[in-house]
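Here is the structure we will look at, set down as structure tokens.
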Amino acid sequence: MTLTMKIHLLIACLSYGLIFSQEYITGNIQYKENEKIYPLEGANVFWQDTSLGASTNGEGFFELEKNPKRTLLVISHLGFKTDTVDIKAAKKINHFLTKAPEEKLDGVILSQRRKSIQKSFIETQNILKVSNEELLKAACCNLSESFETNPSIDVNFSDALSGTRQIKMLGLSSPYILISEENMPMVRGASQAYGLTFTPGTWVESIQISKGAGSVTHGFESITGQINSELHKPSMDAPFFLNLYGSLNGRYEVNMHTNYKLGDKLSVGLYTHADKRTQKFDNNQDGFLDLPISDQVNIMNRWQYINTEKGWISLLSWRWMKDQKLLGSMDFTPSIHMGKTKKWGSEIDTNRFDSSFKMGYVFPHVPYQSFGFQSAFSIHDQQSYFGIRNYNISHKSFYGNLLFNSIIGNTQNRFKVGINYSYDQFDENVDSFQYQRLDKNIGTFFELTHDNGINFSWIAGVRFDHHNNIGTFFTPRLHIRFVPIDDIVLRLSGGVGRKAANIFAENQTLFSTARKINIQSNGGVIYGLNPEKAWNYGLGLTKSFYLSNSQQLFAFVDYYITNFKDQVVVDWENFDKISFYNLEGKSIAKSFHIEIDYSYQNLINLRIAFKNYDVRQDYISGYKEKPLLAKNRFFVNMGIESKPTPKGKLWRWDLTFQLVGNQRLVETIRDDLNSFSPSYSIWNFQLSRIFSKKLEIYLGGENIGNFKQKNPIIGSDDPFGINFDSSQIYGPIFGGMIYSGLRLKI
């Protein structure tokens, strides 16, 4: 018996008991063009007011379980008019969709009907799709601030000086997350500490968050998941967009997009961003700036070509960014105090250039078959000093990816195959030491997807890589989706991930301390340390409840375990040093997440979540909880939207509450051994007035309860002494903040 026959036999055995007594609707969805009939692939067919649905294959065929509670079948596809068909009994239908006139293709109308965070019932992987509408619920000045209303991502300040937010997923920090831009690696290496602040929020069209082991097509570095941001495309963005922002903490920002169509197939866009903070604040009276003086200029140019008749699409982008930060003592003046021990101060100057090119081809007569090419190149240069300590890093990076998509037998069995190459050159100056490293990797991958279109699907993938510093290795990953009964989806996943730890770039907060650097080398090729390797396993359950035609409730539960086989331990346990060494023993991160989403007539949306983490690892001093990580978090987000007037005017109000549990603190002169931080709560709100599709204004507040961590900078009275440490942060530094702004589209 062949492997394919065994797989289909397994599927039949699992599904027999459910299928035997159920009725199904089958049919074909087609469209007419130039008096010819074509099958419509990718059309959505679902029962009205439910998530039970299916998509048509390359022949336009679908199969959908009959729902005894529903008779109205909704059929939709982008670019076509949505139809509703009344189904009285299980039967085969043949339906033609009609193309919608161009002037009626209004994406805003479509987005009003979709939840701003979509958790698919159909996707095999556990993926959250965050729309632009969700991003507008907060100030969202940059990508690091785009997760305030999303309970899947934890956001904290990285230190008491830089004002930079860091993110965590499944209880682990961002270096273990593959952060990509349009499915090409973006925030990695030298940009790990501040890279999320380099992408303006208004440039982001949507964000996809994948929990657990990701796809092998995106590389081997994903351990806890992937965050992919899609930027606005010139062909779809407004011809002109303006965003103005100002806050009472002295930050001002302007964003402007201009897009032009140079014919039917070519579009060009210019995106500019500038932000500045000039005011000095010291609300906790410790003599240090609560937020840095900062200045950033960011410019991006995009060229997009689309030829649907011949099946070609391409996107060329380049971007230049300059970011400057001044932090430290209130009265620090670089021209006077730099390099001296009278006043503690720091400057972080970053220049970055990015370019990318994407090209794809879809075979016109074989729409399920395509190939694509992706490439990205970047130069990242950071010059910085922290008191009398220096840290400079230069990182040149290239990434190329070639992939092919097709089917095996029919569209229920799809595959991806490809090859990618990455090149990274690092030059670092750490105090008086020089570190140079060259990473080169070539890898090939194969990923097979099976979807019976009803209740069972799986994705199995494997990579084979050769890395000059990590070695030669395989990366297997598996995702399974099963629908045992109506409106319940069960997901399983598992896989392995690897990475080379960039210990200084990923832990730049150490330079804002007096801690000595202690690398306990074991002969590895990366700072004398071995690369990291971890297995991730996950289980997820999704259930929908339809209370009435106007009320919906969704419940989500997932549990993930990340088990490290090799890890570079970052040890803060001794107050006078930070140690890096390879793991000897156990390191396990367990994450439990339960969430409930409720909506009423698209006017009220309520999201409630609870998370529990158990993250422990073996240190030299023993097996301990990871410090500065809240074991429990509680989250509530409520959005209320008024009914729009005939002219499109409406009010939108959003409120977010987070309760952050206590966190283990390492021993310092401020914190005793085995001490914990207090739990605290954060309240954020935003009120928007939409005057039309073109103009809206907003007023918001962050941390309106004004919680502030006490004594955030340890040893602030003697910043050049052995106890100085600004890295032990468990909560907000600044306190409450009010902001306002406007958005204009023409």
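Quantities reported herein were computed from a predicted structural model and do not represent experimental measurements. Index from 1, following the sequence.
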Taking the side chain as every heavy atom from C-beta outward, state whether [X] and [Y] have any atom pair closer than 4.5 Å.
X	Y	result
Lys565	Trp535	yes
Glu181	Trp203	no
Val362	Ile313	no
Met186	Asp354	yes
Val204	Leu143	yes
Asp487	Lys543	yes
Lys611	Ser591	no
Thr542	Arg491	yes

At their closest point, which heavy atom of [X] faces which heavy atom of [Y], and how far apart are they?
X	Y	result
Thr656	Glu148	CG2-O, 3.7 Å
Val570	Asn507	CG1-OD1, 3.8 Å
Ala505	Ile393	CB-CD1, 4.1 Å
Tyr581	Tyr619	OH-CA, 3.4 Å
Arg437	Ala500	NH2-CB, 4.3 Å
Ala609	Pro151	CB-CB, 3.6 Å

Between the side chains of [X] and [Y], does any donor sit under 3.5 Å from an acceptor?
X	Y	value
Asn228	Ser180	yes
Gln369	Ser406	yes
Ser587	Gln567	yes
Ser457	Thr124	yes
Gln208	Ser206	yes

Determine whether a donor-acceptor pair (N or O, by modelled atom type, separation under 3.5 Å) exists between the side chain of [X] and the backbone of [Y].
X	Y	answer
Thr509	Ser158	no
Asn469	Leu438	yes
Gln226	Ser210	no
Asn632	Gly661	no
Arg477	Val496	yes
His395	Ala190	yes
Asn132	Leu135	no
His479	Ala213	yes
Gln663	Tyr730	yes
Arg607	Thr149	yes

Query raised in the report: Can Phe373 and Phe357 be said to form a side chain to side chain contact (heavy atoms under 4.5 Å, CB included), step by step?
Result: CA-CA 8 Å; Phe373 172 73; Phe357 177 69; 4.1 Å; yes
Nearest 0.5 Å, what's the [atom1]-[atom2] distance between [X] and [Y]?
X	Y	atom1	atom2	value
Ile503	Tyr527	CD1	OH	6.0 Å
Asp451	Gln412	CG	CD	7.5 Å
Leu402	Met359	CG	CE	8.5 Å
Gln166	Ser173	CD	OG	7.0 Å
Ile596	Phe554	CD1	CZ	12.5 Å
Tyr399	Asn420	OH	CG	4.5 Å

Pair [X] + [Y]: basic N to acidic O under 4.0 Å:
X	Y	result
Arg498	Asp465	no
Lys233	Glu182	yes
Glu134	Lys129	no

Query raised in the report: side chain to side chain contact (heavy atoms under 4.5 Å, CB included) between Gln192 and Ser174: does it pass, once the steps are laid out?
Result: CA-CA 8 Å; Gln192 188 63 247; Ser174 59; 3.1 Å; yes
Report task. Determine whether more than 12 heavy atoms belonging to other residues, nucleotides or ligands lie under 6.0 Å from atom NZ of Lys396. Result ->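 Count not over threshold, so no.
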Requested in this report: Sequence neighbours left out, what passes ring-ring contact (aromatic ring centres under 6.0 Å, His included) with Phe473? Give chain and number order.
Outcome: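 Phe220.
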Requested in this report: Just jot down the ring-ring contact (aromatic ring centres under 6.0 Å, His included) partners of Phe545, sequence neighbours excluded, or say none.
Outcome: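 Phe545: no ring-ring contact (aromatic ring centres under 6.0 Å, His included) contacts found.
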Requested in this report: Could you tell me whether Lys499 sits above the aromatic face of Tyr176, with NZ or CZ closer than 6.0 angstrom to the six-membered ring centre and within 45 degrees of the axis?
Outcome: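 That pair qualifies as a cation-pi contact.
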Query raised in the report: How are the rings of Phe363 and Tyr361 set relative to one another: parallel (under 30°), tilted (30 to 60°) or perpendicular (over 60°)?
Result: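 Answer is perpendicular, since the angle exceeds 60°.
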Query - Option passing side-chain contact (heavy atoms from CB on, under 4.5 Å) with Gln520 (candidates Ile620, Leu529, Asn582, Val569) - result: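 Only one option passes, and that is Ile620.
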Query - Pair Phe426-Phe504, ring pair (Phe, Tyr, Trp, His ring centres under 6.0 Å): steps then yes or no - result: CA-CA 11 Å; Phe426 297 93; Phe504 300 118; over 10 Å; no
Query raised in the report: side chain to side chain contact (heavy atoms under 4.5 Å, CB included) between Asp154 and Phe147: does it pass, once the steps are laid out?
Result: CA-CA 8 Å; Asp154 301 326; Phe147 306 101; over 6 Å; no
Report task. Could you check Phe446 against Phe464 for side chain to side chain contact (heavy atoms under 4.5 Å, CB included), going step by step and ending with a plain yes or no? Result -> CA-CA 9 Å; Phe446 179 81; Phe464 177 77; over 6 Å; no
Query raised in the report: What pairs with Lys586 under salt bridge (Lys or Arg N to Asp or Glu O under 4.0 Å), at least two apart in sequence or on another chain?
Result: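 Scan of Lys586 (salt bridge (Lys or Arg N to Asp or Glu O under 4.0 Å), adjacent residues dropped) gives none.
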